[in-house]
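As structure tokens, the structure follows; a few thoughts come after it.
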Amino acid sequence: MNDPAPVKKPVSLTLPDGSVRTFDGPVTGLRLAGDIGPGLVKAALAIYVNGALWDLKREIDFDADVAIMTSKDEGALDLLRHDAAHVLAEAVQELFPGTQVTIGPNIEDGFYYDFARDEPFTEDDLAVIEARMHEIVERDEAITREVWDRNEAIDHFKSIGEIYKAEIIADLPEGEPITVYRQGDWKDLCRGPHLPSTGKLGTAFKLMKVAGAYWRGDARNEMLTRIYGTAWRDRKELKAYLHRLEEAAKRDHRKLGREMDLFHLQEEAQGSVFWHPNGYTVWLALENYIRMRLAGAGYREVKTPQLLDSKFWEQSGHWSKFRENMFVVPDEVPSTDEDAPVLSGDSRLMALKPMNCPAHVQIFKQGIKSYRDLPLRLAEFGCCHRNEAHGALHGLMRVRQMTQDDAHIFCREDQVTSESVAFCQLLISVYKDLGFDDVQVKLATRPDVRAGEDAVWDKAEKGLEDALVAAGLEYEVTPGEGAFYGPKLEFHLSDAIGRTWQCGTLQLDFVLPERLDASYIAEDGERHRPVMLHRAILGTLERFIGIMIEHYAGRLPLWLAPTQAVVTTITSDADAYAEQVCAQAKTAGLRVKLDVRNEKINYKVREHSHAKVPAILVVGKREAEEGRVSVRRLGTKDQTVMPLEDAIAALVDEARVPSSTPAA
RNA sequence: GCCGCUGUAGCUCAGUGGUAGAGCGCACCCUUGGUAAGGGUGAGGUCGAGAGUUCAAUUCUCUCCAGCGGCACCA
């Protein structure tokens, strides 16, 4: 029996300008482009069909709103980068037979592909692979989409030794079409869409680095070898991107920390910071600012022990949940005999605190608390130690000894929302004072394994959400990412190269008060559990200062700058006057240094500019005679000559701590 | 912790199977110069640590340590 000839149904496509083109049957994006103009065939990369992105060579057999994507479109880069990942994979499999492909998505600024190979790639391989990628682009291999049967696909990929691909297919939801993209002799399972041919990728790509990455992002799985690359529309964009990376490297807080003499790290205390006088000046300015803001928001500052007995941590739950991150110390007098073992026998175990919360609960528990005492807000610049994995350490951003601007709010359940709102408002106000407007906010909701009843979680999550809305914050929900004891808000800031770091946080906790038996007497005369809010604005002083250095490229606002002004001379004739200027500025409360070295003014200006000193007060014979100073501000070449008093007054005004009341 | 790379003077980096070099910085001398490097002289290095190969190792091999880039973890 013959199939009846398919009835050709006309297809009408509506273009973005509203015009409609009708074809006598199914039509590809490519044909539509040709119908519109030959230039478009060349420029077209893919086509939007009712909002979904399709391959140009896929037949459209129904009426639809369409838009042809060219490299100018937003989203074109994603497509380009995804194709670059495929070309990378093809190149790798050509060059290194037996290498398995896994996944290769586009990411911000580029793409990567994870390969399974006994021998990991090294950076030397990149040049060879990249050269092969260029060949594949030159071959201009046609890329075609095929829909496969699920089981056939699994069998096929298994048969060619691609067990990861087979696993991916097996895990795809039933009913999801299995699409395989063929480019030349090479093929890969992929959702698509893709460019019509490899030639469309162009030459504006570059392989950047190799790295290890766990299969499916799980450390229990085997490690794959990942190749990162970047891809752009044209060479000019690629060059601009590489330039951007170079510029970002100049703002690296580790580099600036050295250049500005702020801090250093050394291997005998890895992960713990040696703060130099300059850096600690910034620290103190920031800490005092936060101290002022907290006092204004009704917090009381406390200080709790560093070293606590292991039984304390057992009670808090840290011993079972967090011990691998804790520094444990035996409480024993070490042997003074050089040849004897340092420690012997069985001593009690102590641990350096990794968090402040259990200690704050102890303060709460002293005496009997009434509902009238709530909310009780206990703040501490708490120095904590966490034994972070070696590979996690990163300058100031990830350390082992950290000082949090920590506080715990003990309150009634009905106070959770108002406390959360107040916290968000405080946080935003602080970030604004510190120059950060661009904050990524995440609401991490209940994880699968959790303590507490769902009704409580409902309330807690809603409380946090309400707080975000009340504070006018945009946020993203990260489901399942909350702590086991409660949901949390995370406030992320970006570093110089776009990596984001969590700084502020607000976590609701219904578990710890229970575990440590904290209670208050309510109006009904009964004992009730308080709710605990763990919260930090900066997160840790270390990380926040690291972020600030990069954010400001070292050019800290005057109130935070270690040295606010340098007074320097043209010739030694003005030394006496310079000393007077310096003394007067100091008296006015400025952090000022005197530089009367026998060096040329060019040299001294250059040096202090490199050190990121915000203001240079140059004095020569003329200024000395007139009681004036020549002010040169960092980042400009301008010089303003003004009376000494005016210059000092202006600097003092600018150096005022934000949100502080001006001196009367 | 896992994968890759790196480790030479205070900093940035060159270099070599026969124990090392530059620029900047530093010290001293000359220079008193109006807003991003004035000139000269000099002092600095167990070439990350340990083992191995070798007549000889900073150089080659192995182990360890640390740093860097990712992954995982996380403020």
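Sequence lines set the chain letters: A, B, ... in the order given, protein chains first and strands last, and positions in each chain run from 1.
Contact check, A:R632 against B:A36: a side-chain N or O comes under 4.0 Å of OP1 or OP2. Distances shorter than 4.0 Å separate none of the side-chain N or O atoms of A:Y603 from OP1 or OP2 on B:C24. OP1 and OP2 of B:A37 both lie 4.0 Å or more from every side-chain N or O belonging to A:N602. Applying the 4.0 Å criterion to OP1 and OP2 of B:A66, one finds that A:Q270 has a side-chain N or O inside that range. Listed pair A:Y228 / B:C71 meets the phosphate criterion, a side-chain N or O lying under 4.0 Å from OP1 or OP2. For the OP1/OP2 pair of B:U12 and a distance below 4.0 Å, the side-chain nitrogens and oxygens of A:R258 include at least one atom meeting the criterion. Distances shown here put a side-chain N or O of A:H394 below 4.0 Å from the OP1 or OP2 atom of B:G69. For B:C68, the OP1/OP2 oxygens have a side-chain nitrogen or oxygen of A:R254 closer than 4.0 Å. Phosphate contact (OP1/OP2 of B:C3, side-chain N/O of A:R117, threshold under 4.0 Å): absent.
For B:A75, the base has a donor-acceptor partner in the side chain of A:E388 [N/O atoms by modelled type, under 3.5 angstrom]. Contact of A:R216 with B:C71 (side chain to base): no donor-acceptor pair of N or O atoms is detected under 3.5 Å.
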(request) Assess whether side-chain hydrogen bond (donor to acceptor under 3.5 Å, both in side chains) is satisfied between A:T500 and A:Q440, documenting all intermediate values. (result) CA-CA 9 Å; A:T500 69; A:Q440 277 182 47; 4.8 Å; no
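Note: A:I570 CD1 to A:E623 CD = 6.5 Å, rounded to the nearest 0.5 Å.
One N or O on the side chain of A:R591 and one on the backbone of A:P562 form a donor-acceptor pair closer than 3.5 Å. For A:E123 (side chain) and A:K209 (main-chain N/O), no donor-acceptor pair under 3.5 Å exists by modelled atom type.
Nucleic acid contact for A:T540: base, since at least one base atom lies under 4.0 Å from a heavy atom of the residue.
Pair assignment for B:G34 gives none, since no Watson-Crick or G-U wobble pairing has each distance under 3.5 Å.
Atom CG of A:N325 and atom P of B:A75 are 10 Å apart (whole Å).
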